Asks: 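I'd like to ask some things about the structure below.
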Amino acid sequence: AGDLDSFKGQKGTLKIAGGTAHIPVMKEAAKLIMQANPDLRITIAGGGSGVGIKQVGEGLIDIGNAGRKATDKEVSTYGLTMYKWAVDGVGVVVNPKNTVTKLTTAQLQDIFSGKISNWKELGGADRAINLYDRDAASGTRSVFWKKGLQKANVSTTANIVASNGAMKTAIAGDPYGIGFVSVGHIDASIAPVTLDGIAPSLENVKSGAFKVSRGLYSLTKGEAQGLAKLFIDFIFSPTGQDLVKAKGFVAVQ
Amino acid sequence: MPTFPTAISTQQLSFRYGGVPILHEVDLALSAGKIIAITGPSGIGKSTLLSIFNRLWEENGDGRLQGQVKLRLDGSMVDIYQDAYPLDTLRRKVGMVFQTPNPLPMSIAKNLAFPLRLMHIKDKGLITTKSEEMLRKVHLLDEVGDRLQANATQLSGGQQQRLCIARSLMLEQEILLLDEPTSSLDRQGCLRIEALLHELRGTTTILMVTHYQDQVQRIADLCYELREGRLHQTL
Amino acid sequence: MPTFPTAISTQQLSFRYGGVPILHEVDLALSAGKIIAITGPSGIGKSTLLSIFNRLWEENGDGRLQGQVKLRLDGSMVDIYQDAYPLDTLRRKVGMVFQTPNPLPMSIAKNLAFPLRLMHIKDKGLITTKSEEMLRKVHLLDEVGDRLQANATQLSGGQQQRLCIARSLMLEQEILLLDEPTSSLDRQGCLRIEALLHELRGTTTILMVTHYQDQVQRIADLCYELREGRLHQTL
Amino acid sequence: MAMGSGLLLIAILCMMAVLGWPLVENGRFFALFSTTWSPHAQAYGILPMILGSLRITVLALLFSLPMSIGTACLAELLAPRPLRRLLLVTIRFMAGVPTVVYGFVAVFLLVPLMREYLIFGSGFSILTASLVLAVLIAPTMIIFFVNGLQSVPRSYCHAVDSLGARPMQKLIYLLLPQAYPSLLIGVILGLGRAMGDTLISLMLAGNSVALPESVAESGRTLTAHIALVIAADFSSMEFTTIFACGLILSLFTVCLIVSIRLLDRFGTRGAQHREMSTESRP
Amino acid sequence: MNRATERGLTLLCWLCGLLPLAILCIVICYLLVRGGSSLNLALIFDRVPAMDALLGHQQVFDGLFPALCGTTMLVLLTLALALIPGLCGGIYLAEYASPLERRILGLLFDIIAGLPSIVIGLAGFSLSILLHRLFPGRFGPCMLLSAMALAFLILPYLVRSTQAALNSIPQSLRITGPALGASKLQNILLVLLPSRIQDIIGGIILAIGRAAEDTAVIMLTGAVASAGMFRSLLDQYEALPFYIYYISSQYTDAEELQRGFGAALVLFTLCGLIFLLALLVEQGFSRRWKR
Ligand SMILES: Nc1ncnc2c1ncn2[C@@H]1O[C@H](COP(=O)(O)OP(=O)(O)OP(=O)(O)O)[C@@H](O)[C@H]1O
Ligand SMILES: Nc1ncnc2c1ncn2[C@@H]1O[C@H](COP(=O)(O)OP(=O)(O)OP(=O)(O)O)[C@@H](O)[C@H]1O
Ligand SMILES: [Mg+2]
Ligand SMILES: [Mg+2]
């Protein structure tokens, strides 16, 4: 495609690291670029948002990925520039066997704070609700907490899982569980729950009807330059944004 | 011999290690309560022969045995390789002293108590009396009586040998297999052990490997020489 | 004795294990090239005495030694406990055969080659010839010549003993310490080893523990009996 | 060499201490030992994690020990020869099974079982994690156990066999006491592995920050805590607690090991062993 | 101990002893069921012909091939770094150290064994930042760094297994060498170590397994999700465990998950192969030595 033309004649290595949620898109983009131009080498590492920001700030890598906004302190110490190239909705999910498929924000708050502790109270089976949460440092969690739960309390007895995949695995296996995942991850193994009547789907996130969403960010130290700039430009190009969509995120362009 | 029934008998007993034949169609019938000496040059298979009677060769290497081996245990003849005679009972009834002394790495007292411990005998008094009695019998009590708690592996060669004899006597076995039991003993020690064996004659069948013609003369009722896989009676 | 200088001498040699005295102020002067027999009852300290001459007792237990021990090594007397004589050199020059045979858990051939390997001698041909020569000397070649690659720990007791003698001869030591080297051998095997020792007389000083008066008579130039921590000459 | 790695360890401990220093500076160090973890409320208590780590480790060891001893005995003593070989190969193979795989398989197989039949709740619990952890550390222990049993000299075995010991008697009276040092090392390394494992507890223990009342409840270990917090801002307070966690973890390892060694010293077996083995050598 | 307890214990041994076997079977079966169907050449080489990939003519992007090579290389490099120090450390502890040293150093290695790999990973990460500040642009997370961190991680296994092996040698064997004039070192190298070579190989196998499966360390010190083939030791690299971890935490559909299971099977096989190698070495060793 024409969007790859800018890489012609370029040489060198581009290092990317950080949040795991970004990897699928980055990987696919890197594959296209490296196939078009074998002289280029693009490495994509995980490690988590914090590590990504630290590494890009220290100059170890060229692009750092974060699933959350960099904190003000991080931005000011390192002089980081943020690029938001996709939007990711965060939807509440339950096991497909669960009959409860609609919730209001208030119910959600009560569930996560532990006030409602049995599915019976919501019209489901007479079993205790198993809460699945993510850790505070996770980007998915912070947006869900801010926009989904409206910063309500979350019970400390909630199980905490480490990633979207782990959340999916947990919910898919637990008929009495409830949790939240990135909308792109919702498939047949888990069932989305409509929140205040709005289903967590890509369309609703795109249209803005579904409010619980976050950006996926790439950061560079200072303004993006050289290969890093080319790469980020590519992500923002039509081809790149197609990739974003293909991997289950909402494109920004 | 009506008064002394057969205690050990073999029929067509052959044995080989890997491909090497050691014993060849040995037929044997030994009366109970006798002392039988076995002689023969080094490496001919004497120790192997002994280990056949308590099935100990099975623990190492790739031996192969053919034929029948019967022992008189608890008053009746048992084919130890055919009948489902329990291995542990067999070995408790057939005592063995090895060519190289092998005390266990524990105190002298524990070494002696070991066979009783295996029989679930817990009576401290009994164990002590019995141990002392056996030590006295092998004339070791004077030498080590004051350090029964010392590690048995620290004993001198001859002391270890006598300790092993004492240990093998703790259970009052019906059959004893002795592999050169006096090899590291001086003449006097040797004579004392012989006297002990004399005492046991009549109640215990003793099969004993030895190298000394004079020892054979002194105590053996019968003597076989092992040559080319066969036993030849010499006494 | 001008033709035979002193090869082994001790002065005021005392030795104790823990608190137990074994040797008490032993003074000894033994001429080179002789065969010296040591006798004594079991557990009296014969093996300990031997191990003093190659300092092997230091490897185990809490022994304590006092006095002087001098050996003639490379033509001059060396105080092995005082002078900084290297331990491994000492032990290469002073061969030892243990009371219980201790082949290394490797093949027969490797057992024999081991001392040469320690000297960094790599010449395959030399090693093979030498090994075969020694095996022949201890009359083991016929028995095991066809299975030099077999593990030495599978040999019979007497075979192991002869193997250890052969191994200790590989370096042509100046002094040999033999602890009951013929205890597991039959009469003929025993006589053969004695003949071998006879051959070595004159070039090698041999200190040998034995229990048999007839053996002493046959080959020893001198004989000491160890009694109550002291050596009493009996021949 | 040993010195070198010693220095390296000390360097790592120092690094953790230095990086964890802001906590002490802020006077928050002792606040660590409170029960609430809530970074938004500036509460950084890691006591639940400490307890979680301890419980999981101890439980895993409890489950793993009989299993390891059993396997080692089978492989060295009780089983018929072909099975022995199979067992030995299996064990070595298990040493290379990636932790992730265990965690993965357990999430799909064990967790539902636990949920339906054993402990109810969500199935993610300290118990679940420690069961899987037990399997994870078993090869470490078994390999050391087997080596220990194998190294008992033949002559001792012959002596015991000839006296008519049954396999179990041989095991208890001779082999285990003789193999004791190896057993101990195996246990300690297994313990270290259990202490230091991140993924199993992260995937299976549930990771809730509440102080668990029983092992059937969800709980979090220090290691899982580190893994979860690592995504946070590098200079934030939360992140600083990671290093405190690392330090505390090492501290606990030390305590556990020292107490095991002390038990060994006072245990009869240990005393008996000391008589003749390594310690008595000059 | 009476007969009944004995019987009970024997039964218990059988039960407990067969458990690992059963568990391994379950795990393998489960992996086969879930990932078996994705187990084909395409999983490893994507659509690139196998020969081209092996010869390096063509880059493999979606296959496991680079990860496979990365892990193999990483394990070998780690072993190369840790083996000698590990063995030497074990020998030192068993044969040369004074009781006090033995106690202190022993405790030290036990603590290292108990350090969470994620902490070691963090240390490696901090080191890389430090090195980067010292030599700007030269040094970052890379295979060498990972190998160093892993080497540190597996050191205790090597040290302790060597030490345990040496300690278990009976006194009678121990003094045979010296009696023939072996110096201490010769005795160790020619008699003691070879006589317990299986134990040491056992330790090495543990160490290999540990190095091959660790995720936390390499995730922070140089393993990447996508890099193609590594070109030098100072490069970042792909590794199987990280791949599996990444799939398990970020899979978006069932097919991807299946690839994760497939990757687990591949890692399994790889470990099996490396062990086979170790076993062959062991056999060769003991044959050469015993004969
Ligand atoms: N390591 C040790 N620690 C303590 N005591 C020991 C040690 N080795 C030997 N002894 C004791 O020292 C004494 C002498 O032992 P030594 O082996 O020298 O006797 P020996 O004369 O060779 O006897 P034998 O003819 O039975 O071999 C014995 O009483 C023995 O118990
Ligand atoms: N486990 C084994 N595997 C193979 N061959 C063996 C094994 N044990 C012994 N042999 C061989 O079998 C033969 C007989 O050995 P055995 O120990 O019975 O001899 P022996 O008559 O007791 O000799 P000695 O008087 O020297 O003790 C020897 O040649 C020996 O090398
Ligand atoms: Mg014999
Ligand atoms: Mg002696």
Side-chain angles (χ1 to χ4, degrees), chain D residues 1-2 5-6 8-9 12 15 66-67 70-71 73-74 78 87 90-101 104-105 109 135 138-140 143-144 147-148 150-151 153 166 168-169 172 181-182 185 188-189 191-193 195-196 198-199 223 226-227 246 249-250 253-254 257 277-279, chain E residues 1 6 9-10 12-17 19-21 23-24 27 30 85 88-89 92-93 99 105 107-108 110-119 123 126 152 155-157 160 164-165 167-168 170 196 198-199 202 205-206 208-209 212-213 215-216 241 244-245 248 264 267-268 271-272 275:
Chain D
M1 198 298 307
S5 54
L8 213 56
L9 173 74
I12 289 188
M15 178 203 86
M67 186 160 85
T71 313
C73 294
L74 273 197
L78 298 173
L87 272 173
T90 313
I91 295 317
R92 296 183 155 190
F93 205 64
M94 278 179 86
V97 178
T99 323
V100 198
V101 171
F104 229 33
V105 174
L109 289 181
V135 178
T140 309
I143 284 184
F144 275 88
N147 287 347
Q150 262 176 0
S151 66
R166 282 182 291 272
M168 222 5 107
Q169 290 180 318
I172 292 189
S182 294
I185 290 184
I188 288 181
L189 286 187
L191 176 114
R193 183 90 197 261
M195 236 350 190
T198 313
L199 277 179
T223 47
I226 295 178
L249 209 56
S250 314
T253 322
V254 175
I257 291 168
S277 174
T278 55
E279 305 285 322
Chain E
M1 193 171 65
E6 249 172 66
L9 281 176
T10 311
L12 206 69
C13 267
W14 274 96
L15 283 183
C16 292
L19 208 59
L21 205 66
I23 291 173
L24 189 70
V27 169
Y30 189 76
C88 292
Y92 182 81
L93 277 190
L105 290 177
L107 185 64
L108 227 115
D110 290 343
I111 302 173
I112 298 179
L115 274 186
S117 51
I118 200 158
V119 167
S126 309
F152 186 70
L155 205 55
Y157 292 86
R160 286 307 214 172
N167 276 344
S168 67
R196 304 257 14 120
Q198 304 112 305
D199 297 17
I205 281 183
L206 270 179
I208 292 177
E213 65 93 20
T215 318
I244 300 171
Y245 173 76
S248 78
L267 181 52
F268 241 116
C271 282
F275 289 165

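Excluded from the calculations below are hydrogen atoms, water molecules and symmetry mates; all remaining heavy atoms, backbone and side chain alike, are included. These numbers come from a predicted model, not from an experiment. All chains are named by letter (A, B, ...) in the order of the sequence lines, taking the proteins before the strands, and each is independently numbered beginning at 1.
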Asks: Considering only heavy atoms, which portion of E:Tyr30 lies under 4.5 Å from any heavy atom of chain D: side chain, backbone, both, or neither?
Replies: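 Side chain only.
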
Asks: Do D:Thr71 and E:Pro20 have side chains that approach each other closer than 4.5 Å (heavy atoms only, starting at C-beta)?
Replies: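 Yes, side chains in contact.
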
Asks: Checking D:Ile185 against chain E: side chain, backbone, both or neither under 4.5 Å from a heavy atom?
Replies: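 When you check distances to chain E, only side chain atoms of D:Ile185 fall under 4.5 Å.
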
Asks: Using a 4.5 angstrom heavy-atom cutoff, name the option from E:Gly209, E:Pro116, E:Gly272 with the most pairs to chain D.
Replies: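 Heavy-atom pair counts peak at E:Pro116.
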
Asks: Quick check on E:Leu12 against chain D: is it the side chain, the backbone, both or neither that has a heavy atom closer than 4.5 Å?
Replies: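 Contact with chain D: none, neither part.
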
Asks: Just so I understand: if I count every heavy-atom pair under 4.5 Å between each of D:Ile91, D:Leu87, D:Thr140, D:Ile188 and chain E, which residue has the most?
Replies: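 Maximum pair count with chain E is reached by D:Thr140.
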
Asks: Find the one option among D:Thr99, D:Thr223, D:Val135, D:Leu191 whose heavy-atom pairs under 4.5 Å with chain E are most numerous.
Replies: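 Of the options given, most contacts go to D:Thr99.
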
Asks: Pick whichever of D:Leu74, D:Val97, D:Thr253 has the most heavy-atom pairs under 4.5 Å with chain E.
Replies: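 Most heavy-atom pairs under 4.5 Å with chain E: D:Leu74.
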
Asks: Starting at CD of E:Glu6, measure out to CZ of D:Arg166 and round the result to the nearest 0.5 Å.
Replies: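 It comes to 4.0 Å.
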
Asks: Measure E:Leu21 against the heavy atoms of chain D and call it side chain, backbone, both or neither at under 4.5 Å.
Replies: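 It is both, since atoms from each part get that close.
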
Asks: For the interface with chain D, which of E:Ile205, E:Asp110, E:Ile208 has the highest count of heavy-atom pairs at distances below 4.5 Å?
Replies: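 Of E:Ile205, E:Asp110, E:Ile208, E:Asp110 has the most heavy-atom pairs under 4.5 Å with chain D.
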
Asks: Heavy-atom distances under 4.5 Å only: say whether D:Val101 touches chain E with side chain, backbone, both or neither.
Replies: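 Interface part for D:Val101: side chain.
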
Asks: How close do D:Phe93 and E:Leu24 get, counting heavy atoms only, and between which atoms?
Replies: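 D:Phe93 and E:Leu24 have their closest heavy atoms at CD2-CD2, 4.1 Å.
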
Asks: Please tell me if the side chains of E:Leu267 and E:Ile244 come closer than 4.5 Å, counting only heavy atoms from C-beta onward.
Replies: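 Yes - at least one pair of side-chain heavy atoms lies under 4.5 Å apart.
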
Asks: Side chain, backbone, both or neither: which part of E:Thr215 has a non-hydrogen atom closer than 4.5 Å to chain D?
Replies: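 Contact with chain D involves the side chain of E:Thr215 alone.
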
Asks: Are the side chains of D:Ile172 and E:Leu9 in touch, meaning some heavy atoms are under 4.5 Å apart?
Replies: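 D:Ile172 reaches E:Leu9 side chain to side chain.
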
Asks: Any idea which of D:Pro66, D:Ala95, D:Ser151 has the most non-hydrogen atom pairs under 4.5 angstrom with chain E?
Replies: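 The option with the most such pairs is D:Ser151.
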
Asks: Heavy atoms only: give me the nearest D:Val100-E:Pro241 pair and the separation to one decimal.
Replies: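 Looking at all heavy atoms of both residues, the closest pair is CG2-O, 4.4 Å.
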
Asks: Are D:Gln150 and E:Ser168 close enough that some pair of their side-chain heavy atoms sits under 4.5 Å apart?
Replies: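 D:Gln150 does not reach E:Ser168 side chain to side chain.
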
Asks: Do you know which of D:Met195, D:Arg193, D:Met94 has the most heavy-atom pairs under 4.5 Å to chain E?
Replies: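 Most heavy-atom pairs under 4.5 Å with chain E: D:Arg193.
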
Asks: Which bit of D:Phe144 is near chain E, if near means a heavy-atom gap under 4.5 Å: side chain, backbone, both or neither?
Replies: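 Looking at D:Phe144, just its side chain touches chain E.
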
Asks: About how many Å separate CD1 of D:Ile257 and CG of D:Leu189, when rounded to the nearest 0.5 Å?
Replies: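 D:Leu189 CG to D:Ile257 CD1: 8.5 Å, rounded to 0.5 Å.
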
Asks: First locate atom CG of E:Leu115, then atom CG of D:Leu249, and finally report the distance between them rounded to the nearest 0.5 Å.
Replies: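 It comes to 8.0 Å.
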
